[in-house]
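Computed from a prediction, not measured in an experiment: that's the story for all the values here.
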Amino acid sequence: MSISSSPGPRRHSPPIIVQGRERYTRSLPMNCPKQCYAMVGLPARGKSYIAHRLARYLNWIGTKSKVFNVGQYRRRLVGVNMTYDYYDPFNTTGAQSRRMVANHVLDTIIEWFKEDADNAVAILDATNTTRDRRDLILERCPPEGIQVMFIESVLDDTFIEERNIREHKLRCPDYQGCDPDDAFNDFSKRIENYKKAYETLCLNLDRELSFIRVSNITQFHINNLIGTVQSKSAYFLMNIRPHTKTTLYLSRHGESQFNELAKIGGDTNLTDNGVRYAKKLGKFLLENNLTDIPVWTSIMKRTIETCSHLPNQNVQRYKCLNEIDAGRCDGLTYKEIEETYPEEFALRDLDKYNYRYPQGESYQDVCCRLEPIIMDLEKQDQVLLICHQAVLRCIVGYFLNLSTDEIPYIKIPLHTVIKITPLAYGCEKEEISFGVESSVTHRDKQTQESIERRLLALDISNGDSSFVGHEEEINGNNEDVVSDRVVMMAS
């Protein structure tokens, strides 16, 4: 078996803020205003696909985002079964109706930003093919403190255009009950109507605007981007392949000795049941003709031992796929943590995604180091990942577009393969079990009432935590920890 090993880039985590007894990681400051990303381009050019993928990524990195599809609002306000004549730029009635819908969606976006201060990026999923329509966005958003960036998708491949129409557009409510060929012809005429007035983004006329122009998926024209969020959005768009449908097979390692003892972390070998699972996993790959797909795994004993029973030759190890670092709690059971460090145990239940183990990691830290892996996964056709519970929670959370509140509680049972299959604008999850007995390592989310009761009993607002006093020792002994603890003293 040929195995290549790559530790991956070392990524520094955002600092932890300690106020009284809080120990939570915080998102890196973006230092930018609210954002409206306005899609630009003819129909069937992958705009909705890009919009949903980008929103999913931004949500995953902690930037709250939402897609506003103008077509959906148009159906509610005007109705379905609008023929191609409705989109003729010389149809005055149709043009007025479409402008009314556009204003309504902009009103909705502005209200969305006012509803929650954490709402950060609204993605306006529409054609916006004329400067007049783009000027409307620029007239409405900046006065409300909303920064505008345009994302144009240009596609010259007629084969992909036809495939997009037949696979996605003909299934929309506009063509329910219609003959497929009649629907295809009508939609093709709709595109021709848009072409009559299409004004592409260009430097000569749009130099002052922030925009990203994506041509045929492979060429990018980036102009006047402002701030971290826009830069990270461009980074993501340059890594995705809209016409690549990645099917993922995800599995934890076979049951380890620490799993059997209900201990967290460690670097132990497999149990007998763990070895049985690894062999059954190998048989599953053979039976499903999956022996040629690459296998990505961590550098820990239990994943390497699991991979040793597989027929696949292309196995790559990545340090960034290692399990969440439990720091000083590594090697303990949850019961031992609760008894020894009751306040830390309660604080983790209070905000599990952002809580960082003393001298260890949070779920947010894990997502941070997984970002290069996510970018690589976006380019693959099929991959088998064999790693760990917290890591797979973060990866499944990304592909299923789950919130940071949900990610730490996703069930990732031992001895189960999770298959992630892409759909039009999302993914489908399927679990495949081989019937090999294993320990249960999932811990359910605690009720807010029980958490608050424990915090009150511990008098969490006063006194020092179990780990206070170790700050200097922690930072002094671990040079790789960057701003691992910042203590905020009350003035």
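- Scanning for side-chain hydrogen bond (donor to acceptor under 3.5 Å, both in side chains) contacts around Asn91 gives an empty result, with sequence neighbours left out.
- Pairing each heavy atom of Asp349 with each of Gln446, the nearest pair is OD2-CG, 3.5 Å.
- In this structure, the separation between CD1 on Ile151 and CG on Leu54 is 5.0 Å, given to the nearest 0.5 Å.
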Step by step, would you call Met238 with Ile222 a side chain to side chain contact (heavy atoms under 4.5 Å, CB included)?
-> CA-CA 11 Å; Met238 293 173 72; Ile222 297 173; 3.9 Å; yes

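- The distance from atom CE of Met82 to atom CG of Asp186, rounded to the nearest 0.5 Å, is 11.0 Å.
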Might you work through the salt bridge (charged side-chain N to carboxylate O under 4.0 Å, His left out) test for Arg163 and Asp157, ending with a clear yes or no?
-> CA-CA 10 Å; Arg163 188 184 69 181; Asp157 190 320; over 6 Å; no

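- Listed by chain and number, the residues in a ring pair (Phe, Tyr, Trp, His ring centres under 6.0 Å) with Tyr425 are His52 (sequence neighbours excluded).
- Remark: Phe187 engages no residue in a ring pair (Phe, Tyr, Trp, His ring centres under 6.0 Å) (not counting sequence neighbours).
- With sequence neighbours excluded, the residues satisfying side-chain hydrogen bond (donor to acceptor under 3.5 Å, both in side chains) with Glu162 are Arg166.
- Between Arg348 and the choices Tyr353, Tyr357, Tyr355, the side chain to side chain donor-acceptor pair (under 3.5 Å) rule is met once, by Tyr357.
- The pair Arg45-Glu161 meets the salt-bridge criterion, with a side-chain N (NZ, NE, NH1 or NH2) lying under 4.0 Å from an Asp/Glu carboxylate O.
- Looking only at side-chain heavy atoms (C-beta outward), Val391 and Ser298 stay at 4.5 Å or farther from each other.
- Put simply, the side chain of Ser215 never gets that close to the backbone of Val154: no donor and acceptor are under 3.5 Å apart.
- In this structure, Asn239 contributes its side chain and Lys379 its backbone to no donor-acceptor pair below 3.5 Å.
- Remark: the backbone N or O of Thr218 is not paired with any side-chain donor or acceptor of Asn216 at under 3.5 angstrom.
- In this structure, the ring pair (Phe, Tyr, Trp, His ring centres under 6.0 Å) partners of Tyr194, at least two apart in sequence or on a different chain, are Tyr87.
- Although no hydrogens or angles enter the test, the distance criterion places no donor-acceptor pair under 3.5 Å between the side chain of Arg393 and the main chain of Ile412.
- Judged by distance alone, the side chain of Arg369 and the main-chain N or O of Asn322 form a donor-acceptor pair under 3.5 Å.
- Annotation: Asp85, atom CG; neighbour count of heavy atoms from other residues, nucleotides and ligands within 6.0 Å is above 12.
- Partners of Glu152 by salt bridge (charged side-chain N to carboxylate O under 4.0 Å, His left out), not counting sequence neighbours, listed by chain and number: Arg213.
- Relative to the ring axis of Tyr363, Lys352 does not place its NZ or CZ within 45° and under 6.0 Å from the centre.
- Residues Cys427 and Arg56 meet the side-chain proximity criterion, which asks for heavy atoms closer than 4.5 Å.
- Between Asp206 and Arg131 there is a salt bridge, since at least one side-chain N of the basic residue sits less than 4.0 Å from a carboxylate O of the acidic one.
- Judged as a ring pair (Phe, Tyr, Trp, His ring centres under 6.0 Å), and not counting sequence neighbours, Phe220 has no contacts.
- Using modelled atom types, one finds no donor on one side chain facing an acceptor on the other under 3.5 Å when comparing Tyr73 with Thr108.
- A salt bridge between Glu431 and Lys411 is absent, with no side-chain N of the basic residue lying under 4.0 Å from a carboxylate O of the acidic one.
- Contacts of Asp325 classified as salt bridge (charged side-chain N to carboxylate O under 4.0 Å, His left out), with partners at least two apart in sequence or in another chain: none.
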I would like to know whether Gln389 and Thr441 meet side-chain hydrogen bond (donor to acceptor under 3.5 Å, both in side chains); could you show each step before the answer?
-> CA-CA 9 Å; Gln389 181 170 245; Thr441 60; 3.1 Å; yes

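- Counting only residues at least two apart or on different chains, the ring-ring contact (aromatic ring centres under 6.0 Å, His included) pairs with a member in residues 112-137 are Phe68-Trp112.
- Side-chain polar atoms of Ser188 and Asn185 form no donor-acceptor pair below 3.5 angstrom.
- For the salt bridge (charged side-chain N to carboxylate O under 4.0 Å, His left out) test with Glu192, the passing option among Lys195, Lys196, Arg190, Lys189 is Lys195; the others fail.
- Heavy atoms from other residues, nucleotides or ligands lying under 6.0 Å from CD of Glu115 number more than 12.
- The salt bridge (Lys or Arg N to Asp or Glu O under 4.0 Å) pairs that include a residue from residues 93-102 are Arg99-Asp132, where partners are two or more places apart or lie in different chains.
- For residues 365-402, the pairs satisfying ring-ring contact (aromatic ring centres under 6.0 Å, His included) are Trp60-Tyr398, His253-His388, with sequence neighbours left out.
- The list of salt bridge (Lys or Arg N to Asp or Glu O under 4.0 Å) pairs with a residue in residues 63-79, not counting sequence neighbours, reads Lys64-Asp116, Arg74-Asp174, Arg75-Asp174.
- Not one N or O on the side chain of Asn354 forms a donor-acceptor pair closer than 3.5 Å with the backbone of Gln364.
- Remark: the backbone N or O of Glu208 is paired with a side-chain donor or acceptor of Asn224 at under 3.5 angstrom.
- Side-chain contact check for Ile137 versus Phe150: some heavy-atom pair is nearer than 4.5 Å.
- A distance-only check finds no donor-acceptor pair linking the side chain of Glu144 to the backbone of Arg140 [under 3.5 Å].
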